[in-house]
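These notes are about the structure you will find just below.
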Amino acid sequence: IRARHLYSEGTSLKDVYRVPKGFTGAASYLVSGTRGNGRAYLGSFDSDLSPLKHVALGTESRFMDMHVEKDGIVVVGWAKGASSAEKMDGLIIRYDASLNRKKQVLFGAGGEDVLPAIAPYKDGYVVAGFTTSANTRGYWDILVMELDRDFAIRKKTVVGGSGSELSCYI
(Lines give C-alpha, C1' and ligand atoms only; values in the text may rest on other atoms or scores of the structure.)
Protein backbone atom coordinates (compact mmCIF):
# COMPACT_ATOMS: atom_id res chain seq x y z
CA ILE A 1 0.00 0.00 0.00
CA ARG A 2 1.33 3.41 -0.95
CA ALA A 3 0.25 6.66 0.65
CA ARG A 4 1.25 10.24 0.07
CA HIS A 5 0.32 13.46 1.88
CA LEU A 6 -1.29 15.61 -0.79
CA TYR A 7 -2.26 19.00 0.60
CA SER A 8 -2.64 20.95 3.79
CA GLU A 9 -5.48 21.12 6.29
CA GLY A 10 -8.89 21.85 4.85
CA THR A 11 -8.52 19.79 1.68
CA SER A 12 -11.20 17.15 1.31
CA LEU A 13 -10.54 14.41 -1.24
CA LYS A 14 -13.76 12.75 -2.36
CA ASP A 15 -12.96 10.17 -5.03
CA VAL A 16 -9.97 8.30 -6.40
CA TYR A 17 -10.22 6.71 -9.84
CA ARG A 18 -7.81 4.20 -11.34
CA VAL A 19 -7.39 5.29 -14.96
CA PRO A 20 -8.51 2.56 -17.39
CA LYS A 21 -6.21 1.02 -19.98
CA GLY A 22 -6.23 3.02 -23.19
CA PHE A 23 -6.37 6.42 -21.44
CA THR A 24 -4.25 8.79 -23.56
CA GLY A 25 -2.79 10.81 -20.66
CA ALA A 26 0.17 10.05 -18.38
CA ALA A 27 -2.00 9.71 -15.26
CA SER A 28 -2.51 6.42 -13.45
CA TYR A 29 -4.90 7.92 -10.88
CA LEU A 30 -7.37 10.81 -10.86
CA VAL A 31 -8.47 12.40 -7.59
CA SER A 32 -11.36 14.82 -7.06
CA GLY A 33 -12.27 16.81 -4.00
CA THR A 34 -12.39 20.27 -2.50
CA ARG A 35 -9.49 22.54 -1.54
CA GLY A 36 -9.54 24.35 1.79
CA ASN A 37 -10.87 27.49 0.11
CA GLY A 38 -14.09 25.67 -0.93
CA ARG A 39 -13.09 25.28 -4.58
CA ALA A 40 -13.48 22.09 -6.61
CA TYR A 41 -10.22 20.22 -7.17
CA LEU A 42 -9.13 17.63 -9.76
CA GLY A 43 -5.64 16.13 -9.77
CA SER A 44 -3.72 13.55 -11.76
CA PHE A 45 -1.03 11.28 -10.30
CA ASP A 46 1.41 8.78 -11.76
CA SER A 47 1.74 5.15 -10.66
CA ASP A 48 4.04 6.17 -7.75
CA LEU A 49 1.40 8.69 -6.56
CA SER A 50 3.54 11.64 -7.57
CA PRO A 51 1.42 14.62 -8.64
CA LEU A 52 1.37 15.37 -12.35
CA LYS A 53 -1.09 18.27 -12.56
CA HIS A 54 -4.02 19.71 -10.66
CA VAL A 55 -6.76 22.19 -11.43
CA ALA A 56 -9.14 24.06 -9.14
CA LEU A 57 -12.09 26.26 -9.99
CA GLY A 58 -12.05 29.95 -9.11
CA THR A 59 -15.34 30.03 -7.20
CA GLU A 60 -17.02 28.08 -4.41
CA SER A 61 -17.79 24.74 -6.05
CA ARG A 62 -17.77 20.95 -5.78
CA PHE A 63 -16.93 18.14 -8.20
CA MET A 64 -19.25 15.31 -7.21
CA ASP A 65 -18.70 12.63 -9.86
CA MET A 66 -16.59 11.98 -12.94
CA HIS A 67 -16.67 9.84 -16.05
CA VAL A 68 -13.24 8.88 -17.42
CA GLU A 69 -13.08 8.52 -21.19
CA LYS A 70 -10.22 7.39 -23.43
CA ASP A 71 -9.12 10.96 -24.16
CA GLY A 72 -10.27 12.90 -21.11
CA ILE A 73 -12.52 13.34 -18.12
CA VAL A 74 -16.04 14.74 -17.67
CA VAL A 75 -16.88 16.01 -14.18
CA VAL A 76 -20.20 17.12 -12.70
CA GLY A 77 -21.16 19.01 -9.55
CA TRP A 78 -22.07 22.61 -8.76
CA ALA A 79 -20.62 26.10 -8.66
CA LYS A 80 -21.86 29.27 -6.99
CA GLY A 81 -22.11 32.61 -8.66
CA ALA A 82 -23.23 31.94 -12.23
CA SER A 83 -26.94 32.79 -12.03
CA SER A 84 -26.68 34.35 -8.57
CA ALA A 85 -23.85 34.92 -6.09
CA GLU A 86 -25.73 32.91 -3.46
CA LYS A 87 -27.18 30.10 -5.59
CA MET A 88 -25.67 26.81 -6.76
CA ASP A 89 -25.78 26.03 -10.48
CA GLY A 90 -25.31 22.55 -11.94
CA LEU A 91 -21.86 22.22 -13.47
CA ILE A 92 -20.41 19.92 -16.14
CA ILE A 93 -16.84 20.27 -17.43
CA ARG A 94 -14.82 18.30 -19.98
CA TYR A 95 -11.05 18.13 -19.49
CA ASP A 96 -8.61 16.52 -21.89
CA ALA A 97 -6.23 13.81 -20.65
CA SER A 98 -3.75 16.49 -19.52
CA LEU A 99 -6.44 18.31 -17.46
CA ASN A 100 -6.81 21.22 -19.85
CA ARG A 101 -10.38 22.52 -19.74
CA LYS A 102 -12.13 21.99 -23.07
CA LYS A 103 -15.77 22.82 -22.36
CA GLN A 104 -17.84 24.00 -19.40
CA VAL A 105 -21.61 24.35 -19.10
CA LEU A 106 -23.65 25.60 -16.14
CA PHE A 107 -27.27 24.58 -15.65
CA GLY A 108 -29.41 26.91 -13.60
CA ALA A 109 -32.68 28.76 -13.81
CA GLY A 110 -32.90 31.01 -10.78
CA GLY A 111 -33.13 28.33 -8.10
CA GLU A 112 -30.45 25.93 -7.00
CA ASP A 113 -29.27 23.07 -9.19
CA VAL A 114 -26.83 20.30 -8.23
CA LEU A 115 -25.51 17.51 -10.47
CA PRO A 116 -23.97 14.73 -8.35
CA ALA A 117 -24.01 11.88 -10.91
CA ILE A 118 -23.01 11.18 -14.53
CA ALA A 119 -23.03 8.05 -16.69
CA PRO A 120 -22.34 7.42 -20.38
CA TYR A 121 -25.49 6.90 -22.42
CA LYS A 122 -25.75 6.22 -26.16
CA ASP A 123 -23.50 8.87 -27.74
CA GLY A 124 -23.70 11.27 -24.80
CA TYR A 125 -24.45 11.25 -21.08
CA VAL A 126 -27.17 11.01 -18.48
CA VAL A 127 -26.77 13.30 -15.49
CA ALA A 128 -28.90 13.13 -12.37
CA GLY A 129 -29.30 15.61 -9.58
CA PHE A 130 -31.73 17.84 -7.79
CA THR A 131 -33.17 21.28 -8.38
CA THR A 132 -35.29 24.02 -6.86
CA SER A 133 -35.48 25.87 -10.21
CA ALA A 134 -38.46 23.90 -11.55
CA ASN A 135 -40.01 23.32 -8.16
CA THR A 136 -43.77 23.33 -7.91
CA ARG A 137 -44.59 21.29 -4.79
CA GLY A 138 -41.67 20.52 -2.46
CA TYR A 139 -38.27 22.06 -1.91
CA TRP A 140 -35.83 19.86 -3.87
CA ASP A 141 -37.04 17.93 -6.91
CA ILE A 142 -35.23 15.16 -8.81
CA LEU A 143 -33.62 16.29 -12.06
CA VAL A 144 -32.55 13.86 -14.81
CA MET A 145 -31.14 15.06 -18.14
CA GLU A 146 -29.94 13.29 -21.26
CA LEU A 147 -27.12 15.30 -22.87
CA ASP A 148 -25.26 14.97 -26.14
CA ARG A 149 -21.43 14.99 -26.20
CA ASP A 150 -21.46 18.81 -26.35
CA PHE A 151 -23.67 18.93 -23.20
CA ALA A 152 -26.76 20.14 -25.06
CA ILE A 153 -29.96 18.89 -23.42
CA ARG A 154 -31.80 16.23 -25.41
CA LYS A 155 -34.32 15.36 -22.71
CA LYS A 156 -35.01 16.79 -19.26
CA THR A 157 -37.28 15.40 -16.57
CA VAL A 158 -38.10 16.92 -13.17
CA VAL A 159 -40.03 14.81 -10.65
CA GLY A 160 -41.11 15.81 -7.16
CA GLY A 161 -43.72 15.58 -4.50
CA SER A 162 -44.57 17.65 -1.46
CA GLY A 163 -41.23 17.10 0.30
CA SER A 164 -37.61 17.04 -0.83
CA GLU A 165 -36.47 14.40 -3.29
CA LEU A 166 -32.76 13.96 -3.97
CA SER A 167 -31.11 11.92 -6.72
CA CYS A 168 -27.44 11.20 -6.13
CA TYR A 169 -26.54 8.05 -8.09
CA ILE A 170 -27.00 6.59 -11.54
Side-chain angles (χ1 to χ4, degrees), residues 4-19 23-46 49-120 124-134 140 143-145 147-153 156 166-170:
R4 184 177 297 265
H5 178 76
L6 298 176
Y7 292 98
S8 63
E9 182 180 339
T11 298
S12 168
L13 300 177
K14 182 183 178 306
D15 292 306
V16 177
Y17 290 86
R18 176 79 168 115
V19 174
F23 185 70
T24 58
S28 293
Y29 300 94
L30 296 166
V31 175
S32 68
T34 306
R35 299 296 298 269
N37 57 9
R39 295 179 178 154
Y41 164 86
L42 180 64
S44 61
F45 297 82
D46 67 15
L49 301 180
S50 296
L52 297 172
K53 183 174 180 180
H54 72 270
V55 294
L57 296 185
T59 185
E60 188 178 350
S61 51
R62 302 289 183 278
F63 290 148
M64 301 179 79
D65 195 12
M66 76 171 79
H67 170 63
V68 180
E69 301 177 325
K70 179 180 152 185
D71 58 351
I73 304 109
V74 179
V75 294
V76 293
W78 61 265
K80 280 193 176 179
S83 65
S84 163
E86 300 301 317
K87 302 283 185 180
M88 296 180 287
D89 286 321
L91 169 71
I92 184 166
I93 302 175
R94 173 177 287 115
Y95 291 97
D96 67 14
S98 299
L99 297 188
N100 297 307
R101 192 181 313 187
K102 294 299 181 184
K103 183 165 183 91
Q104 175 177 319
V105 175
L106 294 166
F107 297 95
E112 295 195 293
D113 301 276
V114 177
L115 300 175
I118 185 170
Y125 311 96
V126 170
V127 294
F130 36 99
T131 180
T132 63
S133 293
W140 289 104
L143 169 65
V144 179
M145 294 186 291
L147 308 175
D148 68 16
R149 288 206 34 91
D150 289 323
F151 309 147
I153 299 171
K156 178 179 177 180
L166 303 176
S167 172
C168 296
Y169 300 101
I170 297 176

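It should be emphasised that the depicted structure is a prediction, and the values quoted were computed from it without experimental measurement. Side chains are part of it too, since the values below use all heavy atoms of this structure and drop only hydrogens, waters and symmetry mates.
Taking the side chain to side chain donor-acceptor pair (under 3.5 Å) definition, one finds that K156 meets it with nothing, sequence neighbours left out. Residues satisfying the side-chain contact (heavy atoms from CB on, under 4.5 Å) test with S28, not counting sequence neighbours, are R18, S47. Residues meeting the side-chain contact (heavy atoms from CB on, under 4.5 Å) test with V16, sequence neighbours left out: Y29, V31. With sequence neighbours excluded, the residues forming a side-chain contact (heavy atoms from CB on, under 4.5 Å) with A40 are L57, S61, F63, listed by chain and number. With sequence neighbours left out, K102 forms a salt bridge (Lys or Arg N to Asp or Glu O under 4.0 Å) with D96. Considering only residues two or more places apart in sequence or on other chains, R149 meets the salt bridge (Lys or Arg N to Asp or Glu O under 4.0 Å) condition with E69. In this view, V126 and Y121, V144, I170 satisfy the side-chain contact (heavy atoms from CB on, under 4.5 Å) rule, not counting sequence neighbours. When the side chain to side chain donor-acceptor pair (under 3.5 Å) test is applied to R94, the partners found at least two apart in sequence or on another chain are Y125.
D113 has its side chain out of reach of M88: every pair of non-hydrogen atoms, C-beta onward, lies at least 4.5 Å apart. Counting only heavy atoms from C-beta outward, the side chains of V127 and L143 never approach each other to under 4.5 Å.
Side-chain atoms of T24 never come within 3.5 Å of backbone atoms of A97 as a donor-acceptor pair (strictly under, hydrogens ignored). Of the possible donor and acceptor atoms, none in the side chain of K103 sits under 3.5 Å from a partner among the backbone N and O of I93. The closest donor-acceptor contact from the side chain of D150 to the backbone of A152 lies at 3.5 Å or more, if one exists at all. Side-chain atoms of T34 never come within 3.5 Å of backbone atoms of R62 as a donor-acceptor pair (strictly under, hydrogens ignored).
Shown are V76, V114, L147; of these, the side-chain contact (heavy atoms from CB on, under 4.5 Å) with F107 is made only by L147.
Contact record, T59 with R39: O-CG, 3.3 Å, taken as the closest heavy-atom pair. What you find for W78 and E60 is that their closest heavy atoms are CZ3-O, 3.7 Å.
A distance of 9.0 Å separates NE2 of H54 from CZ of F45, quoted to the nearest 0.5 Å.
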